Amino acid sequence: MQPDYLVVSGADKRFGAATVLRDLSLSVAQGEFVSLLGPSGCGKTTLLRCIAGLLHPDRGRITVGGRDITALAAHQRNVGVVFQNYALFPHLTVAENIAFGLRARGISKAEAGPRVAEALALVRMEVHGDKPVTALSGGQQQRVAVARALVVRPSLLLLDEPFSALDRKLRETMQVELKQLLREVGITAIFVTHDQEEALVVSDRVAVMNAGQIEQLTDPVTLYHAPASLYVLDFVGQSTKLSGKVLSSSDGMIEVQTAFGVLRAPASFMPGSSVAVAVRPEAMVLAPEADAALNTLRGQISDISFLGSRTQIHLNAPAEGEDRVILELSRLPAGLATGQEVSFGFRVTDTMAFLA
Amino acid sequence: MTFAPPRRLLLQSAVGLLAAPAVVRAQPREIFVGGPASPGLTDILFPAIERKHGFKILFEGTNSLINLEKMRSNRARPTMTVTMMDDPVLILAEREGLITTLKGTDIPNLADVQPEARPRDAMWTNWCFPAASISYNTRNVRTAPTSYADCWDRKYRDKIIVISMRITQAVVPLLAATQLATGKPLSECLKLADEGFGKLRELRPNILQITTNPPQAQQLHESGEVDLFLSPDSRTTLFRKSQRAPVDLAYPKEGTVAMPAGVALVKGGPNPELGMKFIDELLNPETQALIGRTFFSKPTNTKTVMPSELNLPPLVVLDWEYFADNRNRWIERFEREIAAR
Amino acid sequence: MMAPASKAQKLDPLAYLALPGLIFMALVFLAPLLLMLWSSIRGADGFTLSGYARVLGDDYYIQVIGQTLQLALITTAGALILGYPAAFALARAKGWRQVVLFALVFLPLTVSIIVKSFGWGIVLRRDGILNWLMLNLGLIERPIRMIFTEFALYAGMINVFLPFMVLPIYSVVRMMDPRLPDAAATLGASPWFRFTRVTLPLSLPGVVAGVSIVFSLAVAAYVTPSLLMGDRYMTMSMVMAKAFLNLRDWQLGAAMAAVLMTLAVVVVIGAAILQRRLGTAKGS
Amino acid sequence: MERFAKGLTSFALFLTIAFLLLPIVVVIPVSFTEAPIFAFPPEGFSLQWYGRIRNVDGLLSALGLSAQIAALSTAISLLLGTLCAIALVRGRLPGAEAVATFMVSPLMLPGLVLGIAMLQAMRELGLRDAWFSLLIAHVVITMPFIMRTVLASLSLFDFAMVDAARTLGCSYPLAIWRVLVPNILPGFVSGALFAFIASFDNYPVSMFLVDVRTKTLPIQLLNYLEISPDPTLAAVSTLLILLTIFVLFLCDRMVGLRRMSSI
């Protein structure tokens, strides 16, 4: 496995006055499944189109397997793309759509036949080969699009929001299905999405993009538990954020004054700095026993929301302040009611601090 | 429903429009006259007649053949009282029984009209004889051609437009070719015309176009693309000359041909008495002088005092019956032998 | 597009909506036409095919039919070659530019051929604009004759019918998903392969519509060829004009009309079948 | 390559427009000439030919009649053609393709033949009114253009919307009027424009049907041309071109020109 299979280095892309990619670099290992995650307008689709060769960066290089493809046109790159809404050819049947890339490579119809059948089998669409693509359901269309992209054995597979046209339930099934399929094929894949949950589910690593740059590129677990910035923290998962001031700092540990009280976090900032302290809701416990490894605070229950598998409790600070804390419990203790004052806590090691 | 008032208005006006044609009908003192559009008719001649006799002349300017087609389909209830056409078309109209004889009707001036201008025993009459020969562009051709043979000169390569045999004036180049081929006088050439096709074929390198649309050819002629035009008649050429267009009519030594401008009463047409009055007025010596001046044509009433400014040479009057009998064959020959590439 | 006839188990009530239009066209268009065609087989003593024999048995008329088809085909091909890429550029234009360009393509439709023929005279004459231009560019040494040549005829015909080719292709191309050629590119299709396998097939409905309308108009054109060329290039329409008006030979005219209609209908139905076959993959 | 293709198509469009406008544009300067002939380049400058327009007999009434006939025939074609197109698209009409071809077949016949045939038939039936004859003949002329555009637009229209409107309380005709008509309006407008022009500019059919009181604009202009092929024609054409530009401008304001091209 090559660690630097796809390398984008120093890419800039401008559309008129708007800079969409700025000095962007990205490195993907062979066989890896990387998501580009970010809000619309962050440049993720532009990056994808640059890798596909549909756009050319104003500056920078793109290499695949050590080969510089920056100057190559899309059709010379051997890169498979699954488009948003799939872009299937309406004038061709399912099988013809899949055979398209093979035919474009000069492979005869007879030779292409078995490979198309194989690809159809891979996405479990064997019986639909002769149908017009417009007669297919959304999920089936997506499978055809994937098969069409894979059948040419591309060096890289790019997927542009492939699940956005599907309903929630189907989307979840297809996500797992696609992940397994791509593992099976062993292909390197880049996946564009604005849905953080989707990114976490399907990818080996996630690149969170912000204003034309990659803010953080790491595995989902790290991304969730150790976001590199407030931006990433906000974009990935839910969290409680408390603003505060650093009281003291020693040995990589700071003490922060918040509206809920003083707490500690593993970080080193100058005393007096304004910081934001964040905790994931599920890291919190209600009425903890005294423990030096925990930050223990008090708050007043303002709302209790039942979410099925879990329950969220919203707490207001005892003192005046806008900050609120969200606690998530898998089971609600009896006798809890709004207005009640309770103590809560979380591990110091689960506490994240960012410069505000 | 803010649009309601305009919509109702539209509807009312639409109904009004539909009803309008029926309302305008039925005015007694007027006649419909059909004939090809020509300068001088509606702006000079007709107003003069209307003033004199106090009835209205409504003129429908159309190609003679289309006019004939309309007369034929309206046979059961003609709307037209008088038709003005070339003799070859009037012959067709007579054969289909669409016109009625002038003999015995109340047209006193008919008696003074020269006999050649009362064909078929006064089935119709020629109200004037426009002259046709060669029309030349005076900027490109400094001296007027003196003979039809000039047209065959190679210096006119691609510089001549000939009118299609489907149009009566095409008889002029055919006669000219026959004259040159046979050496017979122009007046005898019509009956020999089949012998002229060979000579006419020799004109082909000089022919830029064979036109069925004389106005377009006239435009190219006036603007100098075409030196010679065979042949519009004097109604066009001399009228355009009077309008300062650089064209003139040549009078070749072989002769100039009289085009037959005929007028006839439509069989069963409304207000025939006004029609007779109209034709009589056309033949009136005074009107004939006006016609001579306005249409640059020879008057046909022998009592007419020829306007001094009009000095047309004697014209060759043709046997149009013979022409009509043979025209279809000539059209086919012309098309296949002269026009085809 | 249209429901195939085979599926018509019972007549939908909506089908009756076709009746007013059909009855109108049957009375006002079909009946007069049939009446006229009837005269093509009615001789002095009953049924005759002599009109058809004269049309189809005469080398001259066969040549006229050939010339007419040749003119219509060259016109259609010329309009397609120029109009097809132009339609793409028109579809690609944005905002007010597209409105202006569209209006410029549309405007010439509203000017009568009679005026245009006068304009062509000005352009093509020996001392006309085109000769002047070529002389000054040093392309030619002496003015060349262009007016009333076959070149002028083809150019004039293409000029008259070109908008009828551009506009239908434009309306199809405008609807085309621009991502499809992109998708083809990522599948390794070279620009040429992309064009022949994706862009061209997708634009074909527009092409078929344009071709069938231009061909029908061109094959039946009467005023345009007679103004641009005159009797030197006889077309079937001109023979009909001659037969009906001059020769007063209804048998000949009506037989020629029947032959023309047959040829045009074959081409248009052929185009419709082609369009449907291309359209099957599209579904509804 | 991509750039080459773009350049090529842009060049083709430029060529197309230049080519289309060429014979029209050269006519405009001729209208300002001092000379009495229709020649280029124009000699001097004068507006006399615009003054002469008054001499063209009944030009305004002919313009009015042509506009009237064109508008009414287009409206009738729109009504009959749209009903027919709905039946063809939705009604499972047997032989729909044949019916559609029949409805557009007047295009394939020389106008002259159509004119003679209709003149004969109308007179046989005793229909003698020129205005009415012109109107129904022009419905035949305009029908193919309407059928083509409306059929194309309807085949792209989602008829579920009509059903939706009916469930919301519209009768079928009202649903058509409120939902279908606005949705395929661009198709209607483009078809109507083509139809209007085909009728307005028609000469080979009209020439058999006009009468002395009822003459359309092309007939009147041709008559004038027969009388005198002078630059008056250029002046009239220039004014007609201006009128067209004005109408196109109005259409753009009302519907948007770009949407009207679905022929």
Side-chain angles (χ1 to χ4, degrees), chain B residues 62-70 72-73 88-89 92-93 95-96 139-140 157-159 161-168 170 204-205 207-227 324 327-341, chain C residues 32 35-36 54 58-61 63-64 66-67 70 113-128 131 143-150 152-153 156 222-235 237-239 241-250 252-253:
Chain B
T62 325
N63 174 312
S64 300
L65 289 163
I66 290 165
N67 217 337
L68 177 67
E69 201 54 50
K70 287 188 189 172
R72 209 166 74 111
S73 61
V89 186
L92 297 178
R95 289 179 185 168
E96 298 193 26
R139 285 187 192 165
N140 296 358
R157 194 184 164 90
D158 287 342
K159 296 273 193 184
I161 288 189
V162 175
I163 286 185
S164 164
M165 202 63 200
R166 290 190 257 160
I167 296 169
T168 305
R204 288 176 56 171
I207 298 177
L208 180 69
Q209 194 211 7
I210 293 165
T211 185
T212 47
N213 190 280
Q216 181 200 28
Q218 184 70 22
Q219 175 244 327
L220 290 166
H221 184 38
E222 291 175 3
S223 65
E225 176 73 5
V226 172
D227 289 347
R327 189 194 212 171
N328 284 2
R329 201 179 77 253
W330 289 339
I331 287 175
E332 289 290 336
R333 279 200 73 179
F334 188 84
E335 206 174 79
R336 289 165 196 237
E337 296 175 32
I338 315 296
R341 290 162 303 159
Chain C
L35 223 64
M36 164 171 277
R54 273 192 297 155
D58 186 335
D59 284 347
Y60 175 71
Y61 286 134
Q63 189 203 332
V64 168
Q67 263 175 209
Q70 179 187 335
I113 169 62
I114 311 223
V115 175
K116 284 182 192 163
S117 77
F118 275 54
W120 278 124
I122 289 168
V123 172
L124 297 177
R125 271 163 28 194
R126 253 177 298 251
D127 56 352
N131 264 317
I144 52 169
R145 176 189 162 180
M146 280 178 283
I147 196 162
F148 300 129
T149 55
E150 271 175 56
L153 174 64
Y222 165 65
V223 185
T224 309
S226 56
L227 279 169
L228 292 170
M229 190 75 168
D231 277 0
R232 280 275 176 93
Y233 198 110
M234 289 296 282
T235 62
S237 312
M238 287 156 87
V239 169
K242 177 188 77 173
F244 283 120
L245 295 179
N246 295 93
L247 307 185
R248 311 195 68 68
D249 182 344
W250 283 55
L252 176 66

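Everything quoted here is computed from the prediction, not taken from an experiment. Chain letters run A, B, ... following the sequence lines, proteins first and then strands; every chain starts at 1.
- With a threshold of 4.5 angstrom between heavy atoms, C/D59 does not approach chain B through any atom at all.
- Side-chain contact between B/R166 and C/M238 is present, with heavy atoms from C-beta onward closer than 4.5 Å.
- For chain B, the nearby part of C/F244 is the backbone; its heavy atoms alone come within less than 4.5 Å.
- Contacts of C/I114 with chain B are absent, with no heavy-atom separation under 4.5 Å from either backbone or side chain.
- For B/T212, the part lying under 4.5 angstrom from a heavy atom of chain C is the side chain only.
- One finds a salt bridge joining C/R54 and C/D249 here, because a Lys/Arg side-chain nitrogen approaches an Asp/Glu carboxylate oxygen to under 4.0 Å.
- Judged by distance alone, the side chains of C/Y60 and B/E335 do bring a donor and an acceptor atom under 3.5 Å apart.
- Taking 4.0 Å as the cut-off between side-chain N and carboxylate O, C/R248 and B/E69 count as a salt-bridged pair.
- In this structure, the portions of C/R126 lying under 4.5 Å from any heavy atom of chain B include both its backbone and its side chain.
- In this structure, chain C has heavy atoms under 4.5 Å from both the backbone and the side chain of B/L208.
- Among the candidates C/K242, C/Q63, C/M229, the residue making the largest number of heavy-atom pairs closer than 4.5 Å to chain B is C/K242.
- Of the atoms belonging to B/Q219, it is side-chain heavy atoms, and not backbone ones, that fall under 4.5 Å from chain C.
- For chain C, the nearby part of B/R72 is the side chain; its heavy atoms alone come within less than 4.5 Å.
- Within a 6.0 Å sphere centred on CZ of B/R329, heavy atoms belonging to other residues, nucleotides or ligands number more than 12.
- B/N67 and B/T62 are not linked by any side-chain donor-acceptor pair at a separation below 3.5 angstrom, with hydrogens and angles left out of the test.
- Taking B/T211, B/L220, B/V89, B/I66 one by one and counting their heavy-atom pairs under 4.5 Å with chain C, the maximum is reached by B/L220.
- Within the 4.5 angstrom heavy-atom criterion, atoms from both the backbone and the side chain of B/S223 approach chain C.
- Residues C/Y233 and C/E150 form a side-chain contact, since some pair of their non-hydrogen atoms from C-beta on lies under 4.5 Å apart.
- Both cation-pi conditions hold for B/R336 and C/Y61: the charged atom is under 6.0 angstrom from the six-membered ring centre and inside a 45 degree cone around its axis.
- Proximity to chain C (any heavy atom under 4.5 Å) is shown, for B/I207, by both the backbone and the side chain.
- Comment: B/E225 does not engage B/K159 in a salt bridge, judged by the lack of any side-chain N to carboxylate O separation of less than 4.0 angstrom.
- Only the side chain of B/N213 has a heavy atom closer than 4.5 Å to any heavy atom of chain C.
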